[in-house]
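So the structure is just underneath, and the comments pick up after that.
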Amino acid sequence: MVDFGFKLSKSSAIVLSETADPRFARLVALEPDVMRCMSCGSCAGSCTAASFTTLSLRRVILDLQRGQTADATGQIKHCMLCGKCTLVCPRGLNTRHIILSILQVYKEEE
Amino acid sequence: MEERFALSFDPFVLPFMVGTYFVFAWCIAAIIKVLSQLPATDRHRFYRSLITPQNIVKNIRDIFCDCLLHVRLWKRNRLLGYMHSSIAFGWFMIILIGHIETILYVPNRVHLLYYPIFFRYFMKVHEIHLQGALLFFLMDFFLLVILSGIALAIFKRFRSRALGMRRTTRLTLTDRIGMYALWSIFPLRWIAEGFTAGVAGGSFMTIPINWLLKNFMSNPENFTAAWWAYSIALGTFMFVLPFSRYMHIPAEMMLIPMRNAGLKVRHYRRGFALAQVYSCPSCGVCIDACPMGAQKKNNSLATVYLNRQIKRKNEEKLNKISDACLMCGKCEALCQIKVSATGLRQDIRSRRQYGIHQDYGYLGGVSAAAGSGKVLYYAGCMTSLTPVIKRSVAALLDRAGVDWSNMDADGTICCGRPLILAGKMDEAKALIAKNTEIIKSSGAATLLVSCPICYRVFKEEYQLDGVEVVHYTEYFNNLLSSGRLPVENSGRKLVYHDPCELGRGCGIYDQPREALSHVASLVPAEKERVESICCGGSLGSLTLNWDDRGAISAKSLENLMYSHPDAIVTACPLCLKTYARSAKVPVKDFAEIINDNLKQ
């Protein structure tokens with residue numbers, strides 16, 4: 001490597017999608033699809049439980065990425081696992097497994 | 001006929017004897033273990049069934065037909081049937097005739113376990129009577145039958161396709177040792193009996209060997225080595241038996257009465273499940289049956305490997321195998337010993353610990369208003385994504401003048417089956433209770449369902465007291481045959497796909513075909529009915545991703561396009577949506593096709 005007399009230092013930018021929460025890292029390990037979500041909201045639009053609750057998978061994933069786990073867990077527990085979101089997802093994400101993995105990795109919070 | 005030696009013992013019987021006692025001891029311990037692991041109610045049920053006369057007859061018949069004659073395998077594949085029954089039944093007959101000979105000629109030796117097995121070593125013959133000649137002939141005849149079976153087995157190891165199996169199971173080390181021992185037992189017996197045939201007599205198989213040996217060997221009387229080899233092969237087989245797939249031979253004899261007693265899997269590694277797992281002969285039928293086999297990497301997810309990992313207690317692999325499964329039930333339907341492939345997986349899923357527990361408190365606010373028609377139509381979640389089904393069902397019901405109402409016109413809650421498939425039975429009960437309340441309060445006499453996933457759970461888990469649950473294929477077939485729906489035959493070539501939950505799950509194969517034959521000409525798929533291939537969209541699989549599912553769909557479509565149909569018809573919203581993504585011909589719903597062909 002040629003020595004130019006200076007080095008590139010590590011970026012100091014804060015990347016919101018890389019949260020420090022180890023639970024999110026575990027979630028990604030269990031179901032990598034969670035990182036491929038583009039937040040289009042098709043899941044929330046078709047959700048069976050959304051007729052009766054505020055459940056929105058799109059918001060749950062965004063919440064978890066931002067560390068707002070209380071809001072996410074409060075919503076996700078209403079899911080009936082019917083699988084409509086998997087069917088409508090334009091990116092073909094395995095949303096049911098994302099939900100099951102969230103249920104497994106996170107704990108209920110007030 | 002008389003005994004050759006004053007001492008009715010020779011050290012060469014030891015490998016056989018030690019091996020046999022080992023297997024007996026192991027089996028007794030295993031029976032005690034399985035019985036002690038059964039819940040008390042199941043255990044009492046099992047004991048009661050053992051003394052019920054009709055069950056005794058059924059047990060004996062099933063053990064004879066399944067373990068010895070392999071009738072079920074014969075029906076599926078004659079070559080494989082012959083291979084298994086020739087070895088099992090032939091071996092049984094050789095042991096039986098050996099005992100008859102001992103009882104007839106040396107009744108004082110019957111108590112010696114090894115005597116009937118090594119009879120020809122201990123006996124010598126002066127003159128052969130007709131009775132003796134017949135027994136000699138039968139012994140040689142069954143030896144020939146077994147040897148032909150062994151020859152087929154060896155051939156199958158190298159060319160399994162010739163016997164109708166595309167893929168075979170990856171064997172473990174003990175499986176291999178057991179297999180080679182089994183292969184060598186009978187040729188060695190042939191040689192050993194050939195040596196003795198000059199002294200102890202023989203028939204058409206052993207006497208020619210004796211002639212050959214006399215001409216080639218300097219002292220053909222020196223035959224103990226051959227009997228040692230035969231005994232060691234038997235002993236080796238017995239020693240590896242409990243640790244290999246050959247454990248299925250004793251285990252199946254226990255499994256059959258348990259199955260006939262109606263026991264269910266309560267824990268994937270205990271009691272009835274343990275008996276199932278040890279009865280698995282690793283034949284590999286489930287590998288070819290599995291739709292996930294569309295990708296080679298998924299071969300290891302077949303039920304035979306689930307059974308193996310249950311034996312090894314490898315929880316990580318168990319979770320992987322059970323979560324990927326589509327729960328289509330094909331392996332279970334084709335399994336020779338009826339392993340509860342889906343039941344075992346569901347149990348593994350149900351034992352998972354979750355940090356968040358689902359809460360359906362909001363169900364109290366769901367309105368229970370469901371109309372007042374005599375027929376209540378429940379479309380279900382998936383059908384709301386395929387409005388063509390809803391529209392067609394409504395049009396057909398109106399045309400037939402049925403008094404009906406829609407239970408979920410404005411969207412309602414899920415039926416509970418997806419939760420059950422994920423192993424969450426307790427959570428599903430909340431949904432089941434709410435739906436039951438809605439259905440009962442409507443006063444309808446019939447619940448009409450268009451989704452097979454919902455249909456199965458309504459049939460199996462709901463207590464609707466008097467409300468008849470019908471699938472729309474049954475319902476419209478009745479309306480068609482009674483003439484309430486006038487249709488014309490378009491002559492279009494259609495292929496019908498059996499949805500897993502409707503066909504294998506609920507046994508509905510004929511009604512949709514009968515109904516469709518009124519409006520089109522049905523052509524067969526390559527594999528259909530009980531062998532139909534899952535569309536790949538199944539909710540049963542928790543972990544399969546988009547690409548894996550796509551590969552399964554492609555394979556399943558290839559199977560459906562076998563007779564070059566003009567369109568594919570299915571009776572499940574999930575199959576409809578899955579196929580519509582990649583099919584080259586139109587994919588239609590059952591009700592849609594009937595509706596399209598109504599007379600104006």
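Naming convention: chains lettered A, B, ... in sequence-line order (proteins, then strands); numbering from 1 in each chain.
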- Query: Under a 4.5 Å cut-off applied to non-hydrogen side-chain atoms, are Leu81(A) and Lys424(B) in contact?
  - Reply: yes

- Do any N or O atoms from the side chain of Asp33(A) and from the backbone of Asn545(B) form a donor-acceptor pair under 3.5 angstrom? no

- Item | Greatest number of heavy atom pairs closer than 4.5 Å to chain A - which of Leu419(B), Ile453(B), Asp323(B) | Leu419(B)

- Query: Are the side chain of Arg96(A) and the backbone N or O of Leu539(B) linked by a donor-acceptor pair below 3.5 Å?
  - Reply: yes

- Of the backbone (N, CA, C, O) and the side chain (C-beta and beyond), which part of Thr73(A) lies under 4.5 Å from a heavy atom of chain B, both, or neither? both

- Rounded distance [0.5 Å steps], SG in Cys79(A) versus CD1 in Ile356(B): 11.0 Å

- Item | Where Leu542(B) and His97(A) come nearest, the two heavy atoms and their spacing | O-CB, 3.1 Å

- Message: Can you tell me how far apart CG (Asp359(B)) and CD (Glu108(A)) are? Round to the nearest 0.5 Å.
- Response: 7.5 Å

- Item | Side-chain (Gln104(A)) to main-chain (Gly355(B)) donor-acceptor, under 3.5 angstrom | no

- Might you work through the side-chain contact (heavy atoms from CB on, under 4.5 Å) test for Ile413(B) and Phe52(A), ending with a clear yes or no? CA-CA 9 Å; Ile413(B) 58 170; Phe52(A) 316 106; 3.7 Å; yes

- Note on the structure: Ordered numerically, the heavy-atom neighbours of chain A under 4.5 Å found in residues 377-387 of chain B are Cys381(B), Met382(B), Ser384(B), Leu385(B)

- Task: Please find out if less than 6.0 Å separates the ring center of His78(A) from that of Tyr360(B).
- Result: no

- Query: With a 4.5 Å heavy-atom cut-off, do His357(B) and Lys77(A) have their side chains touching?
  - Reply: no

- Query: Crowded around Lys459(B) NZ? As in, over 12 foreign heavy atoms under 6.0 Å?
  - Reply: yes

- State whether the number of non-hydrogen atoms from other residues, nucleotides or ligands found under 6.0 Å of Lys440(B) atom NZ is greater than 12. yes

- Rounded distance [0.5 Å steps], OG1 in Thr578(B) versus CG in Leu87(A): 6.0 Å

- Side chain, backbone, both or neither: which part of Arg417(B) has a heavy atom under 4.5 Å from chain A? neither

- Sub-3.5 Å donor-acceptor pair from the side chain of Arg549(B) to the main-chain atoms of Gly92(A), do we have one? no

- State the CD-CE distance between Gln358(B) and Met80(A), to the nearest 0.5 angstrom. 10.5 Å

- Query: Hey, is the main chain of Leu544(B) close enough, under 3.5 Å, to the side chain of Asn94(A) for a donor-acceptor pair?
  - Reply: yes

